[in-house]
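Below is one structure, written out as structure tokens, with a few remarks after it.
Scope of the values below: all heavy atoms of this structure, side chains included, with no hydrogens, waters or symmetry mates. This one's a predicted model, so the numbers in the text were calculated from it and none came from an experiment. For this chain, numbers begin at 1 and follow the sequence in order.
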Amino acid sequence: MTTAKAISVKAKRAQGSKLTKPLPPPQRLKPAARKAAIEGVPAAKARKIAAKEPVAPKAKRGKTAKPLAPERVAEILDALRKTYPNVVCALTHRNAFELTIATALSAQTTDVTVNKVTPELFKMFPTPKALAEAPLLEIERIIHTTGFYRAKARNIKGAAQVLVEKFNSQVPKTIEEMIQLPGVARKTANVVLGSWFGIPSGVVVDTHVLRISRRLELTQATEPVKVEQDLQKVIPQDRWIQFSHELIHHGRQVCIARKPKCVDCSLEKLCNSADKTWSSH
């Protein structure tokens with residue numbers, strides 16, 4: 001059992017990251033570092049991380065006794081930090097404009113798909129002005145594989161126009177201004193403000209973050225806005241940016257929607273979810 005002193009040390013380490021600088025674009029990392037930042041550590045190492053974590057006591061099947069206890073939250077953050085060292089956003093980008101457009105395109109598709117179309121998109125239309133003046137049909141052709149391409153093309157062209165006309169071609173640094181861009185809601189704004197500017201404006205809540213937060217009993221809500229509010233109450237603000245990306249990567253690789261890979265999960269001993277596929281306790 002982890003001692004109170006050990007928990008205190010781990011809590012300070014997990015919560016005291018003081019993330020005030022932007023996350024590096026993934027393409028700046030060497031291949032091995034990028035793989036670890038996005039895909040996480042190998043399964044064998046993840047199991048070793050889990051083995052060192054304390055067991056979260058159950059109240060009954062599927063229910064943790066004290067799910068929001070600060071020491072449990074600290075253990076979750078610590079395990080995630082070890083599993084996804086030097087975490088980064090998976091979308092390739094060179095500036096805030098590219099990240100804004102790439103994130104808008106990522107809705108209901110994969111980052112892998114987006115990363116395949118953005119090189120051509122940004123080669124042809126490298127600035128907000130260029131994209132704002134681009135033929136809509138040409139944008140649609142380039143982004144076709146991302147799905148909902150007509151609506152996305154209108155949105156990213158519209159976003160570029162607003163950047164040019166209202167923000168002097170500069171991506172704004174407040175969430176209130178960001179959401180004025182067509183196709184940009186809180187999730188996209190939080191990604192850009194956090195990843196590029198290092199501003200913890202909120203917690204990014206996509207399907208992975210929502211699913212895992214509920215499995216870990218950090219929230220009972222089902223609406224993204226309410227989930228974000230609940231997470232902001234228990235996750236230290238200086239961990240919001242990293243936590244979001246860690247959970248997103250974890251949801252893609254391990255804590256998948258159907259048949260989660262619990263045996264290879266570094267959070268396994270801290271999780272009492274009713275739909276676990278394997279349990280050590």
Side-chain angles (χ1 to χ4, degrees), residues 22-29 34 38 88-199 201-202 204-210 224-225 241 244-245 248-249 251-252:
L23 298 180
Q27 64 269 29
R28 288 187 186 175
L29 301 178
R34 179 175 181 173
I38 296 175
V88 294
C89 174
L91 293 167
T92 55
H93 59 280
R94 295 170 296 184
N95 51 55
F97 165 65
E98 290 188 358
L99 181 56
T100 301
I101 300 303
T103 307
L105 291 176
S106 69
Q108 299 189 36
T109 191
T110 66
D111 289 349
V112 172
T113 298
V114 175
N115 288 340
K116 289 180 180 178
V117 305
T118 49
E120 181 182 1
L121 182 69
F122 297 138
K123 182 178 181 180
M124 294 188 65
F125 313 114
T127 65
K129 186 175 186 297
L131 185 59
E133 297 173 350
L136 196 60
L137 287 177
E138 185 65 6
I139 298 174
E140 291 178 357
R141 179 191 68 79
I142 296 171
I143 69 168
H144 187 275
T145 57
T146 67
F148 304 97
Y149 64 94
R150 289 194 176 92
K152 288 182 179 180
R154 290 194 300 271
N155 282 337
I156 64 174
K157 181 180 171 71
Q161 290 171 335
V162 173
L163 286 175
V164 172
E165 296 168 3
K166 193 167 184 177
F167 298 108
N168 195 31
S169 293
Q170 300 298 311
V171 175
K173 296 184 180 180
T174 69
I175 198 162
E176 293 78 14
E177 292 173 314
M178 281 287 296
I179 61 177
Q180 294 179 37
L181 306 179
V184 173
R186 282 194 63 90
K187 187 188 84 169
T188 296
N190 282 335
V191 169
V192 177
L193 293 173
S195 295
W196 187 260
F197 295 113
I199 299 172
S201 56
V204 176
V205 177
D206 71 347
T207 56
H208 303 295
V209 174
L210 192 153
V225 173
I241 300 170
S244 299
H245 287 294
I248 289 169
H249 297 331
R252 289 171 179 158

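Without hydrogens or angle criteria, Lys152 side chain to Ala107 main chain gives a donor-acceptor distance under 3.5 Å. Looking at Asn95, its side chain does come within 3.5 Å of a backbone N or O of Phe97 through a donor-acceptor pair. Looking only at distances, no side-chain donor or acceptor of His245 sits under 3.5 Å from a matching main-chain atom of Ala90.
The heavy-atom pair separating Val164 from Pro128 by the smallest distance is CG2-C, 3.7 Å. Taking both residues in full, the closest heavy atoms of Leu23 and Val88 are given as CD1-CA, 4.2 Å, listed atom of the first, atom of the second, then distance. When all heavy atoms of Ala132 and Ala160 are compared, the closest pair comes out as N-CB, 3.6 Å. Residue Val209 comes nearest to Ser244 through the heavy atom pair CG2-O, 3.8 Å, listed as atom of the first residue, atom of the second, then distance. Scanning both residues, Ser195 and Ile241, for their nearest heavy atoms gives N-CG2, 4.3 Å. Scanning both residues, Ser106 and Asp111, for their nearest heavy atoms gives CB-OD1, 3.8 Å.
Between Glu176 atom CD and Ser201 atom OG the span is 9.0 Å, to the nearest 0.5 Å. Ile248 CD1 to Asp206 CG: the interatomic distance, rounded to the nearest 0.5 Å, is 4.0 Å. In this structure, the separation between CD on Glu98 and CG on Leu91 is 11.0 Å, given to the nearest 0.5 Å. Tyr149 OH to Glu140 CD: the interatomic distance, rounded to the nearest 0.5 Å, is 6.0 Å. Rounded to the nearest 0.5 angstrom, Leu105 CG and Leu121 CG are separated by 6.5 Å. Note: Thr188 OG1 to Ile179 CD1 = 11.5 Å, rounded to the nearest 0.5 Å.
Between Pro24 and Leu29 the shortest side-chain heavy-atom distance falls below 4.5 Å. Taking the side chain as every heavy atom from C-beta outward, Ile139 and Leu131 approach each other to under 4.5 Å. Side-chain atoms of Met178 and Val171, non-hydrogen and from C-beta on, do get closer than 4.5 Å to each other. His249 places none of its side-chain heavy atoms less than 4.5 Å from the side chain of His208. The shortest distance between side-chain heavy atoms of Lys116 and Thr145 does not fall below 4.5 Å. Contact annotation: the side chain of Lys166 never approaches that of Glu177 to less than 4.5 Å [non-hydrogen atoms, C-beta and beyond]. The shortest distance between side-chain heavy atoms of Glu138 and Arg141 falls below 4.5 Å. Between Ile101 and Thr118, the closest side-chain pair of non-hydrogen atoms is not below 4.5 Å.
In this pair, His93 and Trp196 present their aromatic rings perpendicular. The plane angle is above 60°, beyond the 30 to 60° band.
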